[in-house]
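Quick notes on the structure that follows.
In this text the structure is predicted, and so the values were computed from the model without any measurement. Heavy-atom basis, side chains included; hydrogens, waters and symmetry copies ignored. All ligand and atom numbering here is 1-based and tracks the order in the structure.
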Amino acid sequence: METNNRVLDLIIIGGGPGGLTAAIYALRAKLDMLLIEKTGVGGQIALSDIVDNYPGLPGITGVDLMAKFEEQAKSFGLEIEYTDVEKVTDEGDHRLVKTTSGDFRAKTVIIASGAKPRKLGVPGENEFTGRGVSYCATCDGFFFREKNVAVIGGGDTAVKEALFLTKLVSKVSLVHRRDALRAEKIHQDQALDNPKIEMEWNSVLEEIKGDKKVSAVVVKDVKTGETKDIAVEGVFVFVGILPNSDLVDCDKDSGGFIITDEQMQTSIKGIFAVGDVRVKALRQVATAVGDGATAAFSAQGFVEDLG
Ligand code: NAP
C-alpha cells in the first residue's frame with residue numbers, strides 16, 4: 001500500500017487477536033487505517049492446537065480461530081501491509097512508523113506486536129535449535145512421532161504443549177523447577193493424569209547434549225543437587241515470553257512490557273498498546289480481544305479530538 005505522505009487515522013502493528021479486533025472496531029468506526037504485519041496474521045495463538053477457553057467456539061483450533069478473525073476484519077475492508085516495523089515515534093501532529101519498506105504516518109498507532117518465546121540460555125540450546133530444540137510443539141511435534149521428548153516449564157504453554165505432544169510421542173518428561181505447576185487447574189489435572197507425561201519436579205535443565213541431533217538432556221534436582229541424563233530426541237522450551245516492544249520508547253516495566261492505562265494509552269499520546277506486549281494480569285485471546293476493542297475506541301476518540 002503506497003501512503004506517501006498521507007496521514008492515516010490509525011496504523012495497527014501486529015495481526016494477532018488484539019490487533020485484528022482493533023481493526024474490526026476501527027473499520028466499523030470508518031477510520032482510515034492500515035494493519036502492518038511482519039509475516040502472517042494470527043499471532044502466537046495460531047500456533048496453538050485447540051483453543052478451549054475462547055467463549056462461543058469450543059474446540060476450535062488456533063489457526064481456524066484466527067482465520068475467522070481475519071475474514072471478519074477483511075469483510076470490513078482491512079488492508080494489510082507485510083513489512084517489518086523498525087520504530088514508532090511521536091512527531092507532534094502525527095505518529096511516524098518506520099519500516100524496512102518505507103515510512104508510514106498516522107494520527108494514532110496501536111501496538112499489537114505480541115511476544116516471543118524466552119530462551120533458557122543453557123549450553124546446547126542455540127546449537128540444537130531446529131535439530132531437536134523447538135519452541136512450538138504444534139509446528140515441530142510431528143518430527144518426534146513415537147520418540148521421547150522433554151518439555152521445559154510449568155506454565156500454561158508448557159502444560160498445553162506437553163498434552164498436545166502426548167498425541168504424537170512415546171513419552172514426555174515435563175521438567176519444572178518447582179513442585180507445583182502454574183498452568184490452569186484444568187490443564188494441570190489433564191497433565192498429571194496423562195500416563196505419557198512423567199513429571200520431573202524441582203528440576204532445571206543444565207545442558208542439551210547430542211552430536212548432529214539432540215540425544216539427551218542433563219537435568220539437575222534443585223533440592224539434592226544431583227544431576228541425571230534423560231534420553232530424549234526433542235526438547236520443547238516454554239519458559240515464558242518476551243515482549244516485542246523494542247519498536248517504541250514509551251514507559252515499560254522491568255521485563256520490557258509496555259505500561260498502559262485502562263484506555264490502552266501508553267506514555268506517548270496517540271500511541272496505544274494491546275495484548276501480550278503490554279503489562280497485564282492475564283494473557284489470553286479473550287483479554288487481547290477486550291484490549292483491541294478498547295484501544296480502537298480510544299484511537300477513534302483521539303482522532304475525533306484532533307478535529
Ligand atoms: P508463564 O506463564 O510465564 O510460565 C513460564 C513457566 O516457565 C513457569 O512455570 C516458570 O516457572 C518457568 N520458567 C521461567 N523461567 C524459567 C527458567 N529460567 N528455568 C526454568 N523454568 C522457568 O509463560 P507461558 O506459559 O508461556 O504463558 C504466557 C502467558 O500466556 C501466560 O499469561 C499464560 O497464562 C498465557 N497462556 C494461556 C494459555 C491458555 O490456554 N490459557 C495457553 C498459553 C499461554 P515458575 O512457575 O516457577 O515461575
Between [X] and [Y], is there a side-chain N and carboxylate O pair less than 4.0 Å apart?
X	Y	result
E233	K213	no
D221	K228	no
K185	D189	yes

| message | Please classify the L181 to ligand 1 contact at 4.0 Å (heavy-atom distances, strictly less than): side chain, backbone, both or neither. | response | neither
| request: Have a look at ligand 1 and work out which part of N53, if any, has a heavy atom under 4.0 Å from it: side chain, backbone, both or neither. | output: side chain
| query | Does the side chain of K160 come under 3.5 Å of the side chain of S48 through a donor N or O and an acceptor N or O? | reply | no
Which residue owns the protein heavy atom closest to [atom], what's the atom, and how far is it?
atom	value
atom 19 (N) of ligand 1	L120 CD2, 3.5 Å
atom 9 (O) of ligand 1	G154 N, 3.0 Å
atom 2 (O) of ligand 1	R182 CD, 3.5 Å
atom 31 (C) of ligand 1	R283 CB, 4.3 Å
atom 14 (C) of ligand 1	V239 O, 3.3 Å
atom 37 (C) of ligand 1	Q284 NE2, 3.0 Å

| remark: For T157, the atoms of ligand 1 under 4.0 Å from one of its heavy atoms are 24 (P), 25 (O), 26 (O), 27 (O), 43 (C), 44 (C)
| request: Output the list of atoms in ligand 1 that are nearer than 4.0 Å to some heavy atom of R118, sorted by atom number. | output: 14 (C), 15 (N)
| field | Member of F128, Y135, F144, F143 meeting the ring pair (Phe, Tyr, Trp, His ring centres under 6.0 Å) criterion with F236 | value | F144
| note | Looking at V204, D156, L47, I45, the heavy atom closest to atom 36 (N) of ligand 1 belongs to D156
| Option with minimal heavy-atom separation from atom 10 (C) of ligand 1, where the choices are R177, R178, Q44 | R177
| note | dist I258:CD1 -> I111:CD1 (nearest 0.5 Å) comes out at 4.5 Å
| request: Let me know which of R95, R105, K269 forms a salt bridge (Lys or Arg N to Asp or Glu O under 4.0 Å) with D90. | output: R95
